[in-house]
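Below: one structure, written as structure tokens.
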Amino acid sequence: MVEENEDRMQKIVAWAKRRAFVYQSAEIYGGTGGIYDFGPYGVELKRNLREFFWQRFVKSRDDIVGLDSGIIMKEAVWQASGHIGPGFADPLSECKKCHRRFRADEIASTQHPAPSTQLEAGSRKLIAGYKCPNCGGELTAPRMFNILVKTYLGPAEDTSSVAYLRGETAQGMFVNFKTILETTRVKIPFGIAQVGKAFRNEITPGNFIFRTREFEQGEIEWFIDPEDKKKSPDFWFETWANEWMQFFIDLGLDKKNLKFRPHKKEELAHYSKATTDVEYNFPFGWDELAGIANRTDFDLTNHEKKSGKDMKYFDEASKRKYIPYVIEPTMGIDRTILALMCDGYTEEKVKNETRVVFKINSTLAPVKAAILPLVKDKKLIKIAQKLYKEIKEAGVVVEYDESGTIGRRYRRQDEIGTPWCVTLDFDSLKDKKATIRDRDTLKQERVKIAEIKDWLVDELKC
Ligand code: GAP
């Protein structure tokens, strides 16, 4: 089973590259560890996912506003948020023999017999006697290694110019909280949403795009009145946990591959009173896809203290002034893409041949339709290109392909997840109809060419 899953993961990684979804960054220079680039189909998929998120949580609601804040943020922000310090650090241990470095908490799982207790952050005791997973050498005691990515602004690289690439998009929403209150008409309860890059200098990036050093998050900070008896922080925590789970189900992920995992007290992030992860059953095992946290008033209180600016909300009705609590649903965009790939990558036997199909929701599919003249005939090409242009002008991502056998062209589209292939043959010249082939059922239907564009636009509306 383990081998089978490793094999599946390798196939998915190879397919993602072969079909222009994901490439290793700067591959011509040997690659940059933990950083990936999204190729022509990957970028379409990612844009569709962002749009799905935005449509659902910002455009279709009256109580969440969007934000696109700066990626580089001052040191003060990260001091206030607690990310500079042990709260956002990994315990790092080095092998004295081969000099490879490992996350100490991950070494624990490679030791036999397995330890009965988990490694506490910063603990030196548990690691004693453990061996290097690579060469069996002796390991150093773990040192805490902060994973924020540091940079300098301006010409001088000194302490006054230190800044950090954001380790979470959340802080942009906290530092803008008061300004958003003052410049929009939001009233508690309300949310701020952001989709964007985050950076962490992970010691052991791995599992393809699962744990990387540059990644994208989709987050909402949901501001609430902690004194509200009817809609308490626990009520909102549960509400958002269910919303989050439903989001992944509506993306098309198989329910049986999704579950909640509440955090134990000792693994809670430094800002969290309660956290539940949404886990996905990846080929390498169940792991975190997203999370819901009760961040209390931790961030706003600390920003108020550090900046000296009032972060309180004034409730007109009750004339109360208070620092809101925050419930934070968060998700990894790249991890969601990996889950969609793992869920959708399918190998099927069709007439003794293996058909690789990416079974993905049509809203997310990078290419919605392919226009394929059956053979290279001038008249066929003319009507096929006319249809292709018409669909393209309607804003639908469509491909035109006239090269190779029709079977090969279908296979190519199946592999990138194109839901519909439209084939024009010699009958099309007479009956003005084309054949629409469904990617998943392989059913073929004759449809009037003049109606195809509207049909497609209609199908993609949901
Ligand atoms: N604002 C809260 C926060 O950042 P987190 O659990 O550290 O919480 C949120 O990160 C989500 O971001 C995770 O659920 C995961 O999907 C994604 N994520 C975190 N670290 C990641 C990494 N190194 N590579 C890819 N995705 C990551």
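Keep in mind that what you see is a predicted model, and the values were worked out from it rather than measured. As the structure lists them, so they are numbered: ligands from 1, and atoms in each ligand from 1.
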Legend entry - Of R409, K359, R439, R355, the residue whose pairing with D414 passes salt bridge (Lys or Arg N to Asp or Glu O under 4.0 Å): R355
Legend entry - Subset of ligand 1 atoms that lie under 4.0 Å from at least one heavy atom of Y271: 2 (C), 3 (C), 8 (O)
Inset, instruction - Measure the spacing between CD1 of I337 and CZ of F215 and express it to the nearest 0.5 Å. - result: 13.5 Å
Legend entry - Distance-only donor-acceptor check, side chains D234 and S232, under 3.5 Å: no
Inset, instruction - Might you work through the side chain to side chain donor-acceptor pair (under 3.5 Å) test for K368 and T418, ending with a clear yes or no? - result: CA-CA 5 Å; K368 311 299 181 193; T418 308; over 6 Å; no
Legend entry - Which residue and heavy atom of the protein sit nearest atom 17 (C) of ligand 1, plus the separation: G332 CA, 3.8 Å
Inset, instruction - Kindly confirm or rule out an N or O of G167 lying under 3.5 angstrom from an N or O of ligand 1. - result: no
Inset, instruction - Number the atoms of ligand 1 from 1 as they appear, then name those within less than 4.0 Å of a heavy atom of E168, with their elements. - result: 1 (N), 2 (C), 3 (C), 4 (O)
Legend entry - R261 vs H263 side-chain heavy atoms within contact, under 4.5 Å: yes
Inset, instruction - Output yes when the distance from some N or O of ligand 1 to some N or O of T330 is under 3.5 Å, and no in every other case. - result: no
Legend entry - Side chain to side chain, I64 and W54, heavy atoms closer than 4.5 Å: no
Inset, instruction - Sorted by first residue and then second, give each side-chain hydrogen bond (donor to acceptor under 3.5 Å, both in side chains) pair with at least one member in residues 303-320; sequence neighbours left out. - result: Q79-K306, Q171-H303, D225-R320, E304-K312, D310-K321, D315-S318
Legend entry - Distance in Å, T276 OG1 paired with F237 CZ, rounded so as to fall on 0.5 Å steps: 3.5 Å
Legend entry - R166 touching ligand 1 at heavy-atom level, < 4.0 angstrom: no
Legend entry - Contact atoms of ligand 1, heavy-atom distance to A290 under 4.0 Å: 14 (O)
Inset, instruction - May I ask you to check whether R211 has an N/O atom sitting below 3.5 Å from an N/O atom of ligand 1? - result: no
Inset, instruction - Provide, to 0.1 Å, the distance between atom 18 (N) of ligand 1 and the closest protein heavy atom, together with that atom's residue and name. - result: F215 CE1, 3.5 Å
Inset, instruction - Looking only at distances, please establish whether an N/O atom of ligand 1 is found under 3.5 Å from an N/O atom of L289. - result: yes
Inset, instruction - Please report which non-hydrogen protein atom sits nearest to atom 7 (O) of ligand 1, along with the residue it belongs to and the distance in Å to one decimal place. - result: R200 NH1, 2.8 Å
Inset, instruction - Show which atoms of ligand 1 fall inside a sub-4.0 Å distance from at least one heavy-atom site of R295. - result: 1 (N), 2 (C)
Inset, instruction - Return the option from E279, R213, Q217, E214 holding the heavy atom at the smallest distance from atom 12 (O) of ligand 1. - result: Q217
Legend entry - Partner of F21 under ring-ring contact (aromatic ring centres under 6.0 Å, His included), chosen from Y36, W15, F208: W15
Legend entry - Proximal atoms of ligand 1 relative to E219 (non-hydrogen, under 4.0 Å): 1 (N), 2 (C), 3 (C), 4 (O)
Inset, instruction - Do me a favour and list the nearest non-hydrogen protein atom to atom 13 (C) of ligand 1 with residue, atom name and distance? - result: E288 OE2, 3.1 Å
Legend entry - Any N or O of A170 closer than 3.5 Å to N or O of ligand 1: no
Legend entry - Summary of side-chain hydrogen bond (donor to acceptor under 3.5 Å, both in side chains) pairs that have at least one residue in residues 332-347, sequence neighbours excluded: K11-E347, N257-D343, Y280-D343, Y345-E347
Inset, instruction - Please state whether Y36 comes within less than 4.0 angstrom of ligand 1, counting heavy atoms only. - result: no
Legend entry - Contact atoms of ligand 1, heavy-atom distance to E328 under 4.0 Å: 1 (N), 2 (C)
Inset, instruction - State the OG-NZ distance between S362 and K461, to the nearest 0.5 angstrom. - result: 13.5 Å
Inset, instruction - Kindly assign one of parallel, tilted or perpendicular to the pair F177 and F223, based on the angle between their ring planes and the thresholds 30° and 60°. - result: tilted
Inset, instruction - Say whether, by atom type as modelled, one donor and one acceptor occur between the side chain of Q194 and the main chain of T169 under 3.5 angstrom. - result: yes
Inset, instruction - Just need the protein heavy atom nearest to atom 25 (C) of ligand 1, so name the residue and atom and give the distance. - result: F210 O, 3.0 Å
Inset, instruction - Measure the distances from the heavy atoms of T212 to every atom of ligand 1 and state whether one is below 4.0 angstrom. - result: yes
Inset, instruction - For atom 15 (C) of ligand 1, find the nearest protein heavy atom and state the residue, atom name and distance (0.1 Å precision). - result: R335 NH1, 3.5 Å
